[in-house]
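As the structure is a prediction and not an experimental result, all values here were calculated from the model. Order of the sequence lines fixes the chain letters, A, B, ..., with proteins taken first and strands second; residue numbering starts at 1 for each chain.
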Amino acid sequence: MITEAEFAFLRAFLKQRSGLDLGPEKRYLAESRLRPLCRDAGLGSLGELVRKLRSGEDRGLADAAVVAMATHETMFFRDRTPFETLRTDILPRLVEARSELRRLRIWSAAASTGQEAYSVAMIVQEMGLPAAGWTIEILGTDISPSAVERARAGTYSTFEVQRGLPVRHLLDHFSQAGTDWTISPALRSAVEFRVLNLLRDFGGLGTFDVILCRNLAIYLDAPTKTALFERLARVLAPDGALCLGTSETVLGYTRTLVADPERRGFFLHATAAAQPERAYLAG
Amino acid sequence: MKHALVVDDSAVIRKVACRIMEGLAMRTTEAEDGQQALMACRREMPDVVLLDWNMPVMDGYEFLKALRKMPGGKAPKVVFCTTENDVACIARAMHAGADEYVMKPFDRETMTAKLQEVGVV
């Protein structure tokens with residue numbers, strides 16, 4: 001058990017480090033998620049962990065605490081509809097809009113163990129991309145080094161591959177290794193994974209045509225959400241699309257982005273919405 | 001209300017699967033093997049079949065081949081739910097006319113996603 005004061009410190013620490021807005025009723029969550037970290041770090045109690053974090057002397061431990069508190073829940077083609085919208089609508093329109101540039105950049109910003117980024121890569125491959133002369137970049141980033149390591153390996157359990165993944169995709173894109181399934185070399189090489197804390201500067205990543213940042217903002221407090229949306233908008237192409245989780249919205253947090261009236265879960269620059277012919281909306 | 005036929009020689013699995021299907025607003029019929037399942041299909045063709053592979057009397061693979069040859073037997077969506085997790089088995093099932101494939105153990109979310117995939121829910 002941690003004391004009230006220790007929990008208060010943890011809440012402030014996590015908010016500052018990752019933007020995580022841990023409610024006062026979530027003490028059990030902090031305890032259950034940080035206990036394995038205590039064990040791994042050879043610390044006798046959660047109180048000892050808090051004292052170490054307070055001292056600020058072990059940056060690795062601080063990062064590990066942030067990662068331990070992050071939610072890594074993910075699955076292939078999670079919620080289905082956004083991926084259908086990408087496949088049938090947004091990506092074909094962007095391909096047409098980039099017919100001269102012949103380059104598309106897609107970012108799975110809270111990629112966890114990679115299922116979302118690989119789902120996009122499957123769609124892209126099924127669309128016949130990259131066609132000759134095209135460059136398609138798919139970047140997956142996550143705050144957790146171990147999640148990124150798993151994403152790079154592209155190996156998943158039976159349970160993980162069948163959560164959301166149609167069986168034809170399993171047959172087409174995976175090879176079996178005992179009870180695990182490994183994504184094809186073609187898809188693995190189509191996606192790059194990097195460790196990244198979205199609270200830190202990501203301007204150096206360049207501009208993206210599609211950004212998926214799903215089921216992250218729900219864990220953030222309002223000012224952190226606003227800042228994140230504003231910064232995502234800065235790296236979103238003027239005619240690009242931002243995809244959020246089904247229960248997330250930019251409404252009330254930023255006016256730079258607005259909801260796509262036709263495509264649920266997608267958001268675009270307010271300037272593009274005002275001039276549809278300049279956005280991927282243009283048919 | 002859609003009709004699901006749950007075919008498995010394990011009463012426990014049938015119970016779990018029926019509960020999931022009923023939770024998705026479907027009515028259910030149970031069969032303990034492929035032959036019972038064929039009789040059930042002759043009485044009333046279901047909208048979806050949840051199908052085990054290894055069963056006594058007639059296995060799921062033989063049932064599927066027979067079902068697809070029956071009048072109206074191409075209509076039901078067939079989702080294999082089996083411990084057979086070899087890629088060759090999956091390919092064989094799909095070739096024989098299965099629409100989806102679930103490897104045991106599975107949970108409600110996995111099953112629901114597979115049923116969405118085949119358009120049943």
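Between A:P145 and A:V67, the closest heavy-atom pair is CD-CG2, 3.9 Å. Residue A:V191 comes nearest to A:A117 through the heavy atom pair CG1-CB, 3.7 Å, listed as atom of the first residue, atom of the second, then distance. The nearest pair of heavy atoms linking A:L216 to A:A110 is CB-CB, 4.3 Å.
A:L242 has its side chain within reach of A:C213: a pair of non-hydrogen atoms, C-beta onward, lies under 4.5 Å apart. A:L228 places a side-chain heavy atom less than 4.5 Å from the side chain of A:L198.
Using a 4.5 Å cut-off between heavy atoms, B:M103 contacts chain A through both its backbone and its side chain. Only the backbone of A:L165 comes within contact range of chain B, with at least one heavy atom under 4.5 Å from a heavy atom of that chain.
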Audit row: B:F63, B:F80, ring-ring contact (aromatic ring centres under 6.0 Å, His included) steps and yes/no: CA-CA 11 Å; B:F63 161 80; B:F80 258 106; 8.9 Å; no

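Note on B:E22 versus B:R19: no salt bridge recorded, every NZ/NE/NH1/NH2 to OD/OE distance being 4.0 Å or above.
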How about the chain B/chain A donor-acceptor pairs under 3.5 Å, what are they, with distances?
residue: B:N85; atom: O; partner: A:Q176; partner atom: NE2; Å: 2.5
residue: B:V87; atom: N; partner: A:Q176; partner atom: OE1; Å: 2.8
residue: B:E100; atom: OE1; partner: A:V167; partner atom: N; Å: 3.3
residue: B:E100; atom: OE2; partner: A:V167; partner atom: N; Å: 2.9
residue: B:M103; atom: N; partner: A:Q162; partner atom: OE1; Å: 2.6
residue: B:M103; atom: O; partner: A:Q162; partner atom: NE2; Å: 2.5
residue: B:E109; atom: OE1; partner: A:R163; partner atom: NH2; Å: 2.3
residue: B:K114; atom: NZ; partner: A:L165; partner atom: O; Å: 2.9
residue: B:E117; atom: OE1; partner: A:R80; partner atom: NH1; Å: 2.5

